[in-house]
Amino acid sequence: MTDGPEQEESPLRFPCEFPIKIMGREAEDFDAHVRAIVDRNIGPPDLLEFRRRESRNDRFVSITATVRATSRVQLDTLYRELTADPRILFVL
């Protein structure tokens, strides 16, 4: 048996609904920018919900994207791309 990302134990059972919270500075195109990254990794049919919330002072925005994930590798790839993006401050 090989030890690779696909073989690691995970508490998640795939496919599953998985919420990802993405935070960044308020910008007119921030939502579209984040959505493009999610779509590239998940695909529009598996984006189940996309909610936006502004901070109290309107300087920051958080987006919760709930996706139908098919594997841990898919989630890891999405997380890596989101966290590498300079416009995104935090990903939970």
Side-chain angles (χ1 to χ4, degrees):
M1 182 183 204
T2 61
D3 288 338
E6 291 285 347
Q7 300 298 323
E8 292 179 19
E9 293 257 343
S10 173
L12 299 174
R13 297 291 172 235
F14 296 99
C16 67
E17 290 185 16
F18 193 85
I20 301 168
K21 185 169 255 185
I22 303 120
M23 290 157 273
R25 296 193 188 283
E26 174 61 63
E28 186 177 313
D29 66 338
F30 187 73
D31 293 29
H33 180 72
V34 169
R35 183 143 191 175
I37 294 170
V38 172
D39 285 350
R40 214 173 14 254
N41 289 278
I42 301 294
D46 289 325
L47 176 57
L48 305 175
E49 185 176 25
F50 194 84
R51 288 183 292 135
R52 175 189 217 285
R53 183 172 170 200
E54 295 87 14
S55 67
R56 200 176 319 218
N57 61 9
D58 293 327
R59 290 178 49 208
F60 300 95
V61 63
S62 73
I63 293 173
T64 302
T66 303
V67 301
R68 182 178 300 109
T70 58
S71 71
R72 181 174 173 182
V73 170
Q74 182 188 43
L75 286 176
D76 289 347
T77 301
L78 173 59
Y79 182 81
R80 276 194 295 276
E81 186 171 349
L82 288 167
T83 57
D85 191 289
R87 295 183 62 189
I88 295 172
L89 302 174
F90 298 101
V91 180
L92 303 173

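Source: prediction; values computed, not measured.
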Exercise. List for me each residue that meets salt bridge (Lys or Arg N to Asp or Glu O under 4.0 Å) alongside Arg51, sequence neighbours excluded, and say none if there are none.
Key: Glu49
Exercise. Determine whether Val67 and Tyr79 fall in the same hydrophobic cluster, where Ile, Leu, Val, Met, Phe, Trp and Tyr are linked whenever their side-chain heavy atoms lie under 4.5 Å apart.
Key: yes
Quiz item: If two hydrophobic side chains count as joined below 4.5 Å and joins carry through other members, does Leu92 share a cluster with Ile88?
Solution: no
With a 3.5 Å cut-off and sequence neighbours excluded, list the donor-acceptor pairs that the side chains of residues 11-23 form with protein atoms.
unit_1: Arg13; atom_1: NH1; unit_2: Ser10; atom_2: O; d: 3.3

Could you list the donor-acceptor pairs under 3.5 angstrom formed by side chains in residues 58-66, with sequence neighbours left out?
none

Quiz item: Would a hydrophobic clustering, with Ile, Leu, Val, Met, Phe, Trp and Tyr connected at side-chain separations under 4.5 Å, put Val73 with Leu75?
Solution: no
Quiz item: Under a single-linkage definition using a 4.5 Å side-chain heavy-atom cutoff for Ile, Leu, Val, Met, Phe, Trp and Tyr, are Phe50 and Phe30 assigned to the same hydrophobic cluster?
Solution: yes
Quiz item: Can you name the closest pair of heavy atoms from Ile42 and Leu47 and give their distance?
Solution: CG2-N, 4.4 Å
Quiz item: Got a sec, which pairs hit salt bridge (Lys or Arg N to Asp or Glu O under 4.0 Å) with one end in residues 80-92, sequence neighbours left out?
Solution: Asp29-Arg87, Arg40-Glu81
Quiz item: If you round to the nearest 0.5 Å, how far is CG of Asp39 from CG of Asp46?
Solution: 10.5 Å
Exercise. Quick one: list whatever passes side-chain hydrogen bond (donor to acceptor under 3.5 Å, both in side chains) with Ser55, sequence neighbours left out.
Key: Asn57
Practice problem: Please determine if Asp76 and Arg72 form a salt bridge, counting it only when a charged side-chain N lies under 4.0 Å from a carboxylate O. | Solution: yes
Exercise. Could you list the residues that satisfy salt bridge (Lys or Arg N to Asp or Glu O under 4.0 Å) with Glu28, not counting sequence neighbours?
Key: none
